[in-house]
Amino acid sequence: MMTTLAEWLAVQSVDSGLASVVASMAAASVDIAAILRTAPVAGQVGLVGRVNVQGEEQKQLDIISNDIVVKYLEQNPQVSILVSEELDEPLQLQNQGRYVVATDPLDGSSNLDVNVTVGTIFAILDAAGGLLQKGTAQLAAGYVAYGPATSLVLSFGPGVVVFTLDADGRYVLTDGHVQVPQASAEYAINTARERFWDDATKGYVAENVAGETGASGKRHNMRWVGSMVADVHRILMRGGIFLYPLDSETVSKGGRLRLLYEANPMAFLVEAAGGKATTGRQRLLDVMPTAIHQRVPVILGSAEEVARVEAWYAKG
Ligand code: P6P
């Protein structure tokens, strides 16, 4: 008999309110998954003719997904504030709620029109600490990958687990102990940006391209889905490294990916699974946020590979 999410949450040594917030995000993801499966049939595709605070064109499904998350969280008395990629300002929910949720309700939505895996990413923080807390302060983090299977990946800190949506619409435990392999020969980076890269990124990637003849001494492979949830899930499942480093084009914005609801939850999960996460120059979870939509460089995955990148940055 498979363990359901509700059964698993019930035996975790965490506050029941915190567990209820995870359950609310999971319930929202079940609705989002159902809509994604038939969106083209329902005509729920394409742009809505608006850009979000990130300056990115919003898709119908970005808005729909965000609305679903809001619907479930506003029904949960434990949630006081929602920070969302799709909302310019924080959304005040329950005055007495103990928790803040930061989310990218539909990450990678540029892939929707070509039917590639997208996801919902979320972090849960203690409201008493305010909105701008280091990643180390996260109480829980997770994502849902809407792929061939719908996978909910979750951690409260020690350990990472995976639930899979079954035919009855319930999340059942399918991996109770995710560990990122320490070593890997697979890297993920948008190589079309090479002309913008710093010397550390150029040096690291050149070593990989050199394969057995280079400093790494092994043949590497490259994967880039263009959907962070898909790339990070692959890395959690079989190892690898994901890089979206600061480059000459993104430096003015602080990076490409958002700290509170992309980088921090993913870094939390990768570290909880035995991997590492850095900006190149500091541990990602130690970055002190200064704004809710702040961007940051992201390098995370197998510890040995992340250490190689950090060594390149340490060269100056
Ligand atoms: P690029 C998706 O828009 C996203 O925020 C991440 O999910 C993904 O890793 C990255 O941007 C893709 O960036 O440069 O390939 O478009």
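What's counted below: heavy atoms across the whole structure, side chains too, no hydrogens, waters or symmetry copies.
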For residues R50 and I63, determine if any side-chain heavy atom of one lies less than 4.5 Å from a side-chain heavy atom of the other. yes

Answer with yes or no whether the hydrophobic clustering places F163 together with V172; edges join I, L, V, M, F, W, Y residues whose side-chain heavy atoms lie under 4.5 Å apart. no

Go through it in stages, so that I can follow the logic: the residues are K218 and E305, the test is salt bridge (charged side-chain N to carboxylate O under 4.0 Å, His left out), and I'd like the CA-CA distance, side-chain angles, deciding distance and then a yes or no. CA-CA 12 Å; K218 58 187 177 182; E305 290 305 304; 3.4 Å; yes

Just by distance, no angles: are the side chains of Y313 and T279 close enough, under 3.5 Å, to form a donor-acceptor pair? no

First locate atom CZ of F122, then atom CG of L82, and finally report the distance between them rounded to the nearest 0.5 Å. 12.5 Å

Measure up the W8 and F156 rings against each other and bin them: parallel (under 30°), tilted (30 to 60°), perpendicular (over 60°). parallel

Over all atoms of both residues, closest heavy-atom pair of T117 and A145: CG2-CB, 4.3 Å

Indicate yes or no: at least one non-hydrogen side-chain atom of Q44 is less than 4.5 angstrom from one of I64. yes

Using the rule given for salt bridge (charged side-chain N to carboxylate O under 4.0 Å, His left out), can you reason through E310 versus R281, listing the C-alpha separation, both sets of side-chain angles and the distance that settles it, and then say yes or no? CA-CA 7 Å; E310 288 175 322; R281 301 202 182 279; over 6 Å; no

Where the side chain of H293 meets the backbone of D88, is there a donor-acceptor pair that is under 3.5 Å apart? yes

So, do W197 and V205 sit near enough that their side-chain heavy atoms are less than 4.5 Å apart? yes

What I want to check is whether the side chains of Q94 and Q78 have a donor and an acceptor closer together than 3.5 Å. no

Checking R256 against Y244: is there a side-chain donor and acceptor pair closer than 3.5 Å? yes

Please check if any side-chain donor atom of T120 sits under 3.5 Å from a side-chain acceptor atom of Y146, or the reverse. yes

CG-CE distance between D286 and M288, expressed to the nearest 0.5 angstrom: 11.0 Å

Within a strict 4.5 Å, meaning less than it, do heavy atoms of the K276 and E271 side chains meet? no

Looking at Q92, I want to see if its CD is surrounded by more than 12 non-hydrogen atoms of other residues, nucleotides or ligands under 6.0 Å. yes

Test log, rule salt bridge (charged side-chain N to carboxylate O under 4.0 Å, His left out), inputs D15 and R98: CA-CA 11 Å; D15 173 72; R98 285 189 54 189; 3.1 Å; yes

Find out whether I121 and M266 are in side-chain contact, i.e. whether some heavy atom of one side chain is under 4.5 Å from a heavy atom of the other. yes

Considering only heavy atoms from C-beta outward, does the side chain of P245 approach that of I189 to under 4.5 Å? yes

Does one side chain, of T278 or Q282, offer a donor that lies under 3.5 Å from an acceptor on the other? no

The test is salt bridge (charged side-chain N to carboxylate O under 4.0 Å, His left out); show your working for K315 and D199 and say whether it passes. CA-CA 10 Å; K315 291 176 181 176; D199 291 344; over 6 Å; no

Is the number of heavy atoms from other residues, nucleotides or ligands within 6.0 Å of CD (E212) greater than 12? yes

Please check this pair: side chain of S155 against backbone of V160, looking for a donor-acceptor N/O pair closer than 3.5 Å. no

In plain terms, say whether K59 and D62 are close enough for a salt bridge, that is, a side-chain N and a carboxylate O under 4.0 Å apart. no

Answer yes if L5 and V21 sit in the same cluster of Ile, Leu, Val, Met, Phe, Trp and Tyr residues linked by side chain heavy atoms under 4.5 Å apart, and no otherwise. yes

Can you confirm whether L106 sits close enough to L112 that some side-chain heavy atom of one is under 4.5 Å from a side-chain heavy atom of the other? yes

Side-chain contact test, heavy atoms from C-beta onward, threshold under 4.5 Å: evaluate it for M228 versus L257 and give yes or no. yes

Distance alone, cut at 3.5 Å: any donor-acceptor contact between the side chains of R219 and N208? no

Does the plane of the ring in H220 sit parallel, tilted or perpendicular to the ring in Y187? Use 30° and 60° as the thresholds. perpendicular

Following the transitive rule for hydrophobic clusters with a side-chain heavy-atom cut-off under 4.5 Å over Ile, Leu, Val, Met, Phe, Trp and Tyr, establish whether M25 and V232 coincide in one cluster. no

